[in-house]
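Naming: A, B, ... by sequence-line order, numbering from 1 per chain. As the structure is a prediction and not an experimental result, all values here were calculated from the model.
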2 protein chains.
Amino acid sequence: MKVGPDIATLGSLLGDPARANMLTALLSGQALTAGELAREAGVTAQTASSHLARLEAGGLLTQRKQGRHRYYALSGEDVAGVIEALMGLAARTGHTRVRTGPKEPALRRARVCYDHLAGDLAVGMLESLTARGFIVETDERLSLTPAGEAFMAALGLDLPALAGQRRPLCKGCLDWSVRRTHLAGGLGAALLDRFFALGWAAREPGTRLVRFSPRGLEAFREIFGVMPDTPNEETAAAT
Amino acid sequence: MKVGPDIATLGSLLGDPARANMLTALLSGQALTAGELAREAGVTAQTASSHLARLEAGGLLTQRKQGRHRYYALSGEDVAGVIEALMGLAARTGHTRVRTGPKEPALRRARVCYDHLAGDLAVGMLESLTARGFIVETDERLSLTPAGEAFMAALGLDLPALAGQRRPLCKGCLDWSVRRTHLAGGLGAALLDRFFALGWAAREPGTRLVRFSPRGLEAFREIFGVMPDTPNEETAAAT
DNA sequence: CCCATGCTTCGATCCAGGACGAAGCTTGGG
DNA sequence: CCCAAGCTTCGTCCTGGATCGAAGCATGGG
């Protein structure tokens, strides 16, 4: 009777806690082995295997054999987008997980969202960039100004290479922790890479968490200005 | 162990065919009674009632009593956004419903997506608008040019009122039938309203389908120019 | 060549939740 | 005031699928 794309199977694919955990873990953008995903989801290897098979059959995951490991990754950026959108909706409708781990405040602060930075720090960064006229936001769309291009070049980004990419340069991504936008797209990814290259931050292995070094954080604050919404107390709490 | 928004419950909420059908029906933006939704989903009244209760408890639906009817509607535009995003993903991963109804070609052609027009016609319209410089697309973001403003005003739209709204004026929305963008946002909604007001089109009651009158279609084609991807054969087939 | 590791397949169990019939509650109309 | 329509609640049945133990396949190391 109804026609069109089949939401229901896709939804039920996302509807199992174990699978949802796996997908959330893969949001970091890096490929994980079946075993890691099993541990992440808190199920045995057999169970994880069947879940992964279903997710792959459903087209949400791609799989790559390497030695005796099998690496799984999200099949595309759109999958990550849908998951983050669901997270945003879940946050709005009050569906937050009850079990609150110790890492939560740190996660709210700085984490990887597929390939770019998310969390308070990312939101503050975008705010600072717009406040200083480096990025303009028109109708929820972001674009880099000439001044912004100069700024990014000074930071060491290869803008011509970025502009040549197929993916959009600037893209807004809704943060589930704070309900505000942070910077995604090619520029967002390049910035995060740059932070890593500069040694300002490193990702916690096997996690979405991004940990800034004290000096890195200082440099970050200096460059991206004051961030009124993230006082120093939170910094201490997050470390 | 994991932390953050709870995707899984939300996913399982979308994961039932009956509920998915109801939500898809509500994508039209109009509120429907419990009975209509039950018929839409192909289940009995009791079953529908429990589904609706769960959807409401989950924060996806709002409910309004009116006489002895209960009207249900999506709780916000973000819900519609997530559903359309899921539809896009479902289309990409090949999850299309098997049961193909007679209305399908017409639906692919012109339908309501929450509050704006979607389908081939909408994609063609946006193409024409961009081709003529009325709307520019930068990095997948849309914005109206001065020439475009004049054009819209000539069509009878009250642009100052639209600009005053909180919602963004232009917004891209990915079409699941064609894998291309069509116009959403305040402007998209206003345009659809205008088509209705002009008598060019009317919505099929209880459906997402938008039916253009012959004269309306002619006027539409005249104003929005040639649409290379939708030859006349399809027009005949869709009527 | 054999063993350990990583993962999948098979088989069995068990339970959440989706389905409907029947009864109960509210609202509007005569 | 009673009846019909619209919807919900209750009780029951039943299926899909989530889980794990055990066995089966590959791969790499010694």
Side-chain angles (χ1 to χ4, degrees), chain A residues 1-2 6-26 30-58 60-73 95 98 206, chain B residues 1-2 6-26 30-58 60-73 95 98-99 205-206:
Chain A
M1 45 187 53
K2 296 292 330 168
D6 186 8
I7 284 189
T9 55
L10 219 47
S12 67
L13 230 42
L14 302 172
D16 179 77
R19 285 195 292 267
N21 282 340
M22 293 176 172
L23 289 170
T24 309
L26 289 172
Q30 61 190 179
L32 298 177
T33 70
E36 290 171 325
L37 287 169
R39 251 166 282 128
E40 194 71 26
V43 293
T44 61
Q46 316 89 292
T47 312
S49 177
S50 91
H51 283 311
L52 289 170
R54 297 189 65 187
L55 286 173
E56 194 188 358
L60 297 184
L61 257 46
T62 58
Q63 178 224 14
R64 189 172 36 116
K65 295 184 66 170
Q66 201 160 359
R68 47 184 168 188
H69 293 280
R70 296 216 178 166
Y71 282 90
Y72 287 91
H95 288 269
V98 262
Chain B
M1 44 190 53
K2 298 290 330 165
D6 185 10
I7 284 190
T9 55
L10 218 48
S12 69
L13 229 42
L14 302 172
D16 180 77
R19 284 195 291 266
N21 282 340
M22 293 176 172
L23 290 170
T24 309
L26 289 172
Q30 60 189 181
L32 298 177
T33 70
E36 289 171 326
L37 288 169
R39 251 166 282 127
E40 195 71 24
V43 292
T44 61
Q46 316 89 292
T47 312
S49 177
S50 89
H51 283 309
L52 290 171
R54 298 189 68 188
L55 286 173
E56 194 188 357
L60 297 183
L61 257 46
T62 57
Q63 178 225 12
R64 189 172 35 117
K65 295 184 67 168
Q66 199 161 2
R68 48 185 168 189
H69 293 281
R70 297 217 178 166
Y71 282 90
Y72 287 91
H95 288 268
V98 263
R99 308 184 50 185

side-chain contact (heavy atoms from CB on, under 4.5 Å) partners for [X], two or more places apart:
{"X": "B:A34", "result": "B:L52, B:Y72"}
{"X": "A:S12", "result": "none"}
{"X": "A:A38", "result": "A:A48"}

Apply side chain to side chain donor-acceptor pair (under 3.5 Å) to [X] and list each qualifying residue two or more places apart in sequence or on a separate chain.
{"X": "B:S49", "answer": "none"}
{"X": "B:T62", "answer": "none"}
{"X": "B:Q46", "answer": "B:T44"}

Using chain B heavy atoms and a threshold of under 4.0 Å, write down where along DNA chain C the contacts begin and end, 5' to 3'. C:dG17 to C:dG28

For the pair B:R19 (side chain) and B:L13 (backbone), establish whether a donor and an acceptor sit closer than 3.5 Å, ignoring hydrogens and angles. yes

Base-contact (B) and sugar-phosphate-only (S) positions in nucleotides 7-18 of chain D, heavy-atom cut-off under 4.0 Å, - elsewhere: SBB-------SS

